[in-house]
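Keep in mind that what you see is a predicted model, and the values were worked out from it rather than measured.
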Amino acid sequence: MNQIFALVDCNNFYASCERVFDPSLQRRPVVVLSNNDGCIVARSNEAKVLGIGMGTPYFKAKDVIEKNRIAVFSSNYTLYADMSNRVMQTLCGFTPNMEIYSIDEAFLALDGIHENLDRYGREIRKRVLQWTGLPVSVGIARTKTLAKIANHLAKKSLKANGVLDLTQNTYIDLALERTPVEEVWGVGRRIAAKLQKQGIVNARQLAQMDTGWIQKTFSIMTVKTVLELRGQPCFDLEEVPEPNQNITVSRSFGQEIESIDELHQSLCSYVSRAAEKLRKQGLCVQGLTAFAMSNRFHTETAYFNSGSVIFDTATESSLELVQAIGPLTQRIYRDKVKFKKAGVILSQLVPRDKVQLNLFDNRLNRDRDKVLMQTLDKINRRGKQVYFASEGVVQPWKTKFERKSNYYTTRWDELVKVC
DNA sequence: TCTGGGGTCCTAGGACCC
DNA sequence: TCTGGGGTCCTAGGACCC
């Protein structure tokens, strides 16, 4: 079966989401910041032209930002998740065979489409823009890796104007030649540097490399990448997502903390958030790790510590997890350290209905816990926050979001008003 | 002064066993 | 006390993705 993949990718997703609900941003450059307003993680095209790089620390770009009246936003994940859903719903209308690859991208199987693929891609683009207000680019090819490349070029090239069909062999070589090796999906900084040292600077050269040498020098993953560049599919559409193997919740603090109480509060807060995610996926957890660290950029005072517990019986109870945080905090805390970041990792996850019961399970009230958690989740789903006292009330460590836009789509009092 | 978060997969090397 | 090799399992660390 000859497969055809379309990669649909939202342009500058977070920045575009902000624009949808604020027309005054239409011609202004826009950037969106990471958690804690730390780095720039999304830029409108105008901001890119001004030379603002992906991942630039906000404070380093402040001069350019002020000089050019760039609009700055903290991340508004609630808004972006909602907009992402709308995009994915729209794409569903084109094919049921779809893989949601990330918050702003999806692979679509276009095998059965008999009409002109370029025209079909333009129809996708038009409808998503019309229904959601978000601009997307569409790359079409016979492997996922080539679809990624087609998508890149569709974004960059004026002639392509948002859609590029690379299913015809005639154009593939040219497209590969125009793609720097570091832009190939699966080739990161390290592998790119090594390849460039060998004189391999574009995707076309990479496609021609001996796979034996690639396997020896890198790994089986890079071999697959090379084969995909040659048009030989190695990665399938993954329509049903695999369940998570880990759930992590970690944050940088709004300000550094030194007291064990505050560290404990933050970890309790993160673990209860992680437990929510856990229950939402119908999973229980057996391994819990907590970690805390100082500012990683101050290498001379660097501190990192972590501790783990294994539960005898896998649990989904926030109560049990929060209780376990106490001793873990004791273990990883150290006097006089300025903590900048902490987090928890849930590992050894098992589906709720496959939990092995332990003969010596001595935790009482497991059933009562279960009902309590259901109630807790139900209340918090409606927006009202119920949380553990151990998470603290003042929370001076809380992550900063000082320039967040409104929850335009999920809160009645923050809807856009048309006057 | 200010520098994100959440994932996956692969490999090398150590521990352990026979 | 010394000697060897092969297999498996686990973990830490590296590399990648968005």
Looking only at atom P, what distance separates B:dC2 and C:dC18, rounded to whole Å?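 It works out to 30 Å between them.
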Kindly list each side-chain donor-acceptor pair under 3.5 angstrom involving residues 124-134 of chain A, sequence neighbours excluded, with atom names and distances?
unit_1: A:Arg125; atom_1: NH1; unit_2: A:Val136; atom_2: O; d: 2.7
unit_1: A:Thr132; atom_1: OG1; unit_2: A:Val128; atom_2: O; d: 2.7
unit_1: A:Thr132; atom_1: OG1; unit_2: A:Leu134; atom_2: N; d: 3.1

For DNA chain C, what residues of residues 185-203 of chain A have any heavy atom nearer than 4.0 Å?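 Under 4.0 Å from DNA chain C: A:Trp185, A:Gly186, A:Val187, A:Gly188, A:Arg189, A:Arg190, A:Ile191.
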Indicate yes or no: at least one non-hydrogen side-chain atom of [X] is less than 4.5 angstrom from one of [Y].
X	Y	value
A:Glu256	A:Asn295	yes
A:Arg230	A:Ile172	no
A:Leu108	A:Phe5	no

By nearest heavy atom, map A:Met221 and A:Lys62 onto DNA chain B; which one lands nearer the 5' end? A:Lys62
Closer to the 5' end of DNA chain B via nearest nucleotide, is it A:Val249 or A:Phe218?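 Final value for this comparison: A:Val249.
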Under 4.0 Å, heavy atoms only, any strand: does [X] hit a base, just the sugar-phosphate, or nothing?
X	result
A:Lys60	nothing
A:Leu33	nothing
A:Asp37	nothing
A:Lys340	sugar-phosphate
A:Val184	sugar-phosphate
A:Asn36	nothing
A:Glu242	nothing
A:Lys148	sugar-phosphate

For [X], what residues pass the side chain to side chain contact (heavy atoms under 4.5 Å, CB included) criterion, not counting sequence neighbours?
X	result
A:Glu238	A:Glu99
A:Met221	A:Ser219, A:Phe235
A:Thr78	A:Asn76, A:Tyr407, A:Thr410

So that I can compare with my own list, what are the stems of DNA chain B, taken as at least three consecutive Watson-Crick or G-U pairs with distances under 3.5 Å? B:5-18 with C:5-18
Pairing residues for [X] by the ring pair (Phe, Tyr, Trp, His ring centres under 6.0 Å) criterion, not counting sequence neighbours:
X	value
A:Tyr101	A:Phe107, A:Trp185
A:Phe291	A:Phe304
A:Phe339	A:Tyr303, A:Tyr333

Could you tell me whether A:Glu177 and A:Arg204 make a salt bridge, using a distance below 4.0 angstrom between a side-chain N and a carboxylate O?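 Yes, charged N to carboxylate O under 4.0 Å.
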Aromatic plane relationship, A:Trp397 with A:Tyr270 - under 30° parallel, 30 to 60° tilted, over 60° perpendicular: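 It falls in the perpendicular class, over 60°.
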Strand contacts (DNA chain B) in residues 252-291 of chain A, 4.0 angstrom heavy-atom criterion: A:Ser252, A:Lys277
Passes salt bridge (Lys or Arg N to Asp or Glu O under 4.0 Å), A:Lys370 versus A:Glu320? Steps please. CA-CA 11 Å; A:Lys370 200 169 200 165; A:Glu320 197 173 357; over 6 Å; no
Provide the start and end nucleotides, 5' to 3', of the part of DNA chain C that has atoms under 4.0 Å from heavy atoms of chain A.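 Using the under 4.0 Å cut-off, the span is C:dA15 to C:dC18.
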A:Asp22: which residues meet the side-chain hydrogen bond (donor to acceptor under 3.5 Å, both in side chains) condition with it, sequence neighbours left out? A:Ser24
